[in-house]
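This report refers to the structure that appears directly beneath it.
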Amino acid sequence: MNFKGKDFLKLLDFTSEEIGALIDLAASLKAKKKAGVPHRLCEGKNIALIFEKTSTRTRCSFEVAAYDLGMGVTYLDSNGSQIGKKESIADTARVLGSIYDGIEYRGYGQELVEELAKYADVPVWNGLTNEFHPTQILADFLTIREQFGKLRGLKFVYMGDARYNMGNSLMVGCAKMGMDFTACCPAKYFPDAALIAECESIAAETGAKLHFEPDVDKALVGADVIYTDVWVSMGEPVEVWQERISDLAPYQVNTEAMAKTGKGETVFMHCLPSYHDMKTQVGREMGEKFGRTAMEVTDEVFESAQSVVFREAENRMHTIKAVMAATLCDWEAL
Ligand code: CP
Ligand code: NVA
């Protein structure tokens, strides 16, 4: 294994063995943290966190992981720097790359994080783009492995808008790790055909299976994991809510959907944040406007014993720590 100096931009850039090794490293760093064993593996280094979109989990995970590894952190939001408005991504990359040891970027198009990585000669980590959210998938897979003891062969069903960052990245991750992936949604929400083709060829190597199934009853039979995400993502216009609700309401994860798997041990997962009740500003506004009390998942499922969403959220920190340590240190030192 050699990740030192590499960027972490999308899972397509990594082999199954490398993804597995990063999850193993995250599990070992998690055990150290729980046991109170110091692991200041990157002592004296500094990183910059660029967030052009808002965040709770990803920002806090990068910050706490960096502190645990002995690093200093600078947070730059969309208003607090020159990025994009007065300075190009390429110029920003060369400036920050000369000051910091690593750069996290959350923003819009995947091409922006790729551009940043091209011009910065330090590791660049993708903290979410419209197309991909690779650090989230490592946390999801660590959580699934903790639950089932394996990834290979598990039946994973993604309900909702499968053509955005979460659907895309989960399909890639499942293809890489030899899982049985189903995107359950209307055909217009299936991932991009070129990405499906790329994942099909990965699946041919790894033994993964990929399905695209609008029929909820067929998709959910035998599912080990049911995963969903918000129906309207950050940066999308408010006008799309109406169409999304009418298209995706049949794909809400509710008690009936969980029962359709025929398995008591099925887990519910969500990257969060989630519109499972009326206790958020957007959830309340959209709920009142469209006569709903929840969107992509009901409160009942979200709060049920089958829901592992908060362990999944905690695992963001351990997996992000693994990505930073692996790309900043010699593998043998970890
Ligand atoms: N899941 C996730 O990326 O959450 P944040 O938007 O809070 O970072
Ligand atoms: N699809 C969501 C994921 C948030 C973690 C978004 O992009 O807003």
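Start at 1 and go down the list; that is how both ligands and their atoms are numbered.
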key: Any side-chain donor near an acceptor of the partner, H211 and K218, under 3.5 Å   =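 Side-chain D/A pair, H211 to K218: absent.
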ask   = For K10 and N126, does a side-chain donor sit closer than 3.5 Å to a side-chain acceptor?
value =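 Note: K10 and N126 side chains miss the donor-acceptor criterion.
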key: atom 7 (O) of ligand 2 - nearest protein heavy atom and its distance   =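 For atom 7 (O) of ligand 2, the nearest protein heavy atom is N165 ND2, 2.8 Å.
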ask   = What is the closest protein heavy atom to atom 4 (C) of ligand 2, and at what distance does it sit?
value =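 Checking every protein heavy atom, the shortest distance to atom 4 (C) of ligand 2 gives L128 CD1, 3.9 Å.
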Test of proximity, [X] against ligand 1: N or O pairs below 3.5 Å:
X    : answer
M234 : no
L272 : yes
T58  : yes

request  = Answer side chain, backbone, both or neither: which part of H133 comes under 4.0 Å from ligand 1, heavy atoms only.
outcome  =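 Answer for H133: side chain.
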key: Minimum non-hydrogen distance to atom 6 (O) of ligand 1, winning option of R316, R106, R57, K53   =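 Nearest heavy atom to atom 6 (O) of ligand 1 lies in R106.
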Assess the pair [X] and [Y]: is the distance between their ring centroids shorter than 6.0 Å?
X    : Y    : result
F51  : Y75  : yes
Y189 : Y164 : no
F302 : F310 : yes

request  = Find all atoms of ligand 1 within a distance of less than 4.0 Å from any non-hydrogen atom belonging to T56, and give their numbers and elements.
outcome  =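 Near T56, meaning under 4.0 Å from one of its heavy atoms, ligand 1 has 5 (P), 7 (O), 8 (O).
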task = List the steps and the verdict of side chain to side chain contact (heavy atoms under 4.5 Å, CB included) for D229 and D161.
result = CA-CA 8 Å; D229 180 21; D161 183 356; over 6 Å; no
key: E285, CD atom: more than 12 neighbouring heavy atoms under 6.0 Å   =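 For E285, atom CD is crowded (more than 12 foreign heavy atoms under 6.0 Å).
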More than 12 heavy atoms of other groups within 6.0 Å of Q242 CD =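 No, CD of Q242 has 12 or fewer neighbouring heavy atoms, counting only those of other groups under 6.0 Å.
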key: Proximal ligand 2 atoms for M234, defined as those under 4.0 Å from one of its heavy atoms   =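 So the atoms of ligand 2 that pass are 6 (C), 7 (O), 8 (O).
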inquiry  = Taking 4.0 angstrom as the limit and counting only heavy atoms of L272, give me the atoms of ligand 2 inside it, by number and element.
reply    =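 Atoms satisfying the 4.0 Å criterion: 5 (C).
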request  = Using distance alone, determine whether S233 and ligand 2 share an N or O pair under 3.5 Å.
outcome  =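 Between S233 and ligand 2, an N or O pair is found under 3.5 Å apart.
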query = For D229 and ligand 2, does the shortest N/O to N/O distance drop below 3.5 Å?
reply =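 Between D229 and ligand 2 (N or O atoms, distance only) the closest approach is under 3.5 Å.
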